[in-house]
Amino acid sequence: MFLLALLVSSVAADLEVAPYTVTKEHEGWEEREYSTMKWVSTDAYDVMPHDGPDHREAFFRLFNYIDGQNSENMKIAMTAPVRMRIIPGEGPNCESNYTM
């Protein structure tokens with residue numbers, strides 16, 4: 001886990017941030033509007049979508065893709081933020097479908 005944190009922090013130092021406009025400020029967070037752009041995404045299912053085992057696998061599927069493991073063998077710059085869309089499962093302790 002330490003190596004993952006080290007990898008993410010070293011990559012984050014050179015991270016390009018997607019342009020956005022703050023539409024509303026709240027206490028401790030803000031609403032943002034992002035311009036139209038291309039995104040790379042992957043789907044996963046997990047009872048714990050934020051920190052379950054599939055979250056790590058989904059992250060590395062995306063990381064490997066932008067690191068050149070794609071049909072063009074082309075590296076793509078990583079940008080922030082990494083966004084998630086979660087569709088909750090039916091009932092407690094059910095898998096949620098999420099897109100990272």
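Numbering starts at 1 and runs along the sequence shown.
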Working to the nearest 0.5 angstrom, can you tell me the gap between [X] [atom1] and [Y] [atom2]?
{"X": "I66", "Y": "I76", "atom1": "CD1", "atom2": "CD1", "result": "7.0 Å"}
{"X": "Y65", "Y": "T42", "atom1": "OH", "atom2": "OG1", "result": "11.5 Å"}
{"X": "L62", "Y": "M78", "atom1": "CG", "atom2": "CE", "result": "8.5 Å"}

Legend entry - With Y45 via ring-ring contact (aromatic ring centres under 6.0 Å, His included) - residues at least two apart: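 Testing Y45 for ring-ring contact (aromatic ring centres under 6.0 Å, His included), a comparison that skips the adjacent residues, returns none.
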
Legend entry - Shortest non-hydrogen contact from D46 toward D54: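 In this case the closest contact between D46 and D54 is OD2-N, 2.9 Å.
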
Legend entry - Test item: P19 and M37 side chains (from C-beta on) under 4.5 Å apart, heavy atoms: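 A side-chain contact under 4.5 Å exists here.
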
Legend entry - salt bridge (Lys or Arg N to Asp or Glu O under 4.0 Å): pairs with one or both residues in residues 60-74, sequence neighbours excluded: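 Counting only pairs at least two positions apart or across chains, the salt bridge (Lys or Arg N to Asp or Glu O under 4.0 Å) contacts touching residues 60-74 are D67-K75.
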
Inset, instruction - Kindly state each residue pair satisfying salt bridge (Lys or Arg N to Asp or Glu O under 4.0 Å) with at least one member in residues 32-41, sequence neighbours excluded. - result: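 For residues 32-41: E30-R32.
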
Inset, instruction - Just say parallel, tilted or perpendicular for the rings of W29 and H26, cut-offs at 30° and 60°. - result: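 Parallel: the ring planes of W29 and H26 meet at under 30°.
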
Legend entry - Worked check of side chain to side chain contact (heavy atoms under 4.5 Å, CB included) between T23 and Y20: CA-CA 9 Å; T23 58; Y20 63 89; over 6 Å; no

